[in-house]
Amino acid sequence: MKTIFSFWHRPRCSPLLERRLALFRANRRGFWSLWIFLALFGSSLLAEFIANDRPWLVSFRGALYVPVWVDYAETDFGGDFATRADFRDPYLRDLIVAEGWMIWPPIRYSYDTINHTLPVPAPAPPSTDNWLGTDDQGRDVAARLIYGFRLSVLFGLLLAGVSSVIGVMAGAVQGYFGGWIDLLGQRFLEIWSGMPELFILIILSAVITPGVWSLLGILALFSWTALVGVVRAEFLRGRNFTYVEAARALGVSDVVIMFRHVLPNAMVATLTFTPFLVSSAIVALTALDFLGLGLPPGTPSLGELLRQGKENLQGPWLAITGFAVVSVQVVLLVFIGEAVRDAFDPRKTIP
């Protein structure tokens, strides 16, 4: 019984981790920013169930259909053509309602759905049908914001992950081995960091068809340098510690020492920088889309919405909505980054 009792009452995490979590929670601004950001990002992951031009569920002649996941033909619902069913078509909608029912998402538009029944020329102002209005092509702004928010966050996370892996590897090799490797690496970083990134992006965009993966690869070529300095400094400091020298004396390989003994200390700086890397990646994607050098036309993008706001001054809701979403997105990530920095700061004390 004593063993069972001690099992159920043992601490769930180490004292160091508990201290870091307490410091993170003590930063109320960053703590609540994390929950707000997770709520917004989690909602955007369900974008197809929030904004879609297809119903969630259709009942027709006693059978159930799930158009949000499966493509159905118009003939499945008594139509005349074997093409994909357009559930916004009044003719098809009347056929379904006559012998069944439909459950729609809150926003009956997807990011590429054009509203052909606008009472005014596009861009149309906010209304009960289009909550945040439409853009200059008649597409629902609210739907494009939800899909664009998801795309920008996923792009930022991917770019931050790729940049972190490359930056940590480069900084680890430079800091651990030092000497000529470190010297040549630093000179290469100076040359690489001095290259005009925007001009190179313009040249590459004229040669390579723009897309999510090609843009991710191009931006990763320049963003990995942000972590090299801090990781290199941690490895330069840690390679002379007593336990590292003892591991060398025992014949432990350099790779094992780097990744098992020194890297955990360097990961503190990496985790602290991660929210700021994500925010900078989102800003970079938004800026490229605003300049027309980013994602292909038609892709739901916050930068493309800002560009439309600049080109359509008669529709101020475009610029205001895009600016508000990008600002909230970046501010939340910055606040989260500040809380993470406080959590890993050994000088901070728990209030």
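In this chain, numbering begins with 1 at the start of the sequence shown.
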Can you check side chain to side chain contact (heavy atoms under 4.5 Å, CB included) on Ile257 and Tyr176, steps first, answer last?
CA-CA 9 Å; Ile257 294 175; Tyr176 182 79; 3.8 Å; yes
Kindly state whether the ring of Tyr65 and the ring of Phe77 have centres lying under 6.0 angstrom apart.
yes
Ignoring hydrogens and geometry, is there a side-chain-to-backbone donor-acceptor pair from Asn130 to Leu132 under 3.5 Å?
no
Is there a donor-acceptor pair under 3.5 Å between the side chain of Asp140 and the backbone N or O of Ala142?
yes
Heavy-atom donor-acceptor pair, Asp76 side chain to Tyr72 backbone, under 3.5 Å
no
Backbone of Asp136 reached by a side-chain donor or acceptor of Gln308 within 3.5 Å:
yes
Do other residues, nucleotides or ligands put more than 12 heavy atoms under 6.0 Å from Arg260 CZ?
no
Row check, Phe335 ring normal vs Arg29 NZ/CZ: under 6.0 Å, within 45°:
yes
Criterion side-chain hydrogen bond (donor to acceptor under 3.5 Å, both in side chains) against Tyr109, the qualifying member of Thr134, Asp53, Asp129:
Asp129
Under a 4.0 Å N-O cut-off, is there an ion pair linking Arg144 with Glu304?
yes
Measure from the side-chain N and O atoms of Thr299 to the backbone N and O of Ser301, and report whether any donor-acceptor pair falls under 3.5 Å.
no
Do other residues, nucleotides or ligands put more than 12 heavy atoms under 6.0 Å from the CH2 atom of Trp101?
yes
Parallel, tilted or perpendicular: ring planes of Phe37 versus Phe41, cut at 30 and 60 degrees:
parallel
Show your reasoning for whether side-chain hydrogen bond (donor to acceptor under 3.5 Å, both in side chains) applies to Thr113 and Asn115.
CA-CA 6 Å; Thr113 307; Asn115 187 354; over 6 Å; no
Name the orientation class of the two ring planes belonging to Trp56 and Phe49 (parallel below 30°, tilted from 30 to 60°, perpendicular beyond 60°).
tilted
Are Leu333 and Val328 linked, directly or through intermediate hydrophobic residues, by side-chain heavy-atom contacts shorter than 4.5 Å (ILVMFWY only)?
yes
Please determine whether the number of non-hydrogen atoms from other residues, nucleotides or ligands lying under 6.0 Å from atom CZ of Phe323 exceeds 12.
no
Side-chain heavy atoms nearer than 4.5 Å, only ILVMFWY residues, links allowed to pass through others: does that put Leu285 and Val162 together?
yes
Check: Arg307 side chain, Asp289 main-chain N or O, donor-acceptor pair, under 3.5 Å
yes
Is it the case that the side chain of Arg93 and the backbone of Arg88 share a donor-acceptor pair, with hydrogens and angles ignored and the cut-off at 3.5 Å?
yes
What do you reckon, are the aromatic ring centroids of Trp192 and Phe222 less than 6.0 Å apart?
yes
May I ask you to decide if Gly178's main-chain N or O and Arg232's side chain share a donor-acceptor pair within less than 3.5 Å?
no
Using 4.0 Å as the upper bound for N to carboxylate O, is an ion pair formed by Glu190 and Arg187?
yes
For Met102, look at atom CE and say whether over 12 heavy atoms of other residues, nucleotides or ligands are found less than 6.0 Å away.
yes
Do other residues, nucleotides or ligands put more than 12 heavy atoms under 6.0 Å from the CZ atom of Phe81?
no
Can any side-chain N or O of Ser152 pair as donor or acceptor with the backbone N or O of Phe149 at less than 3.5 Å?
yes
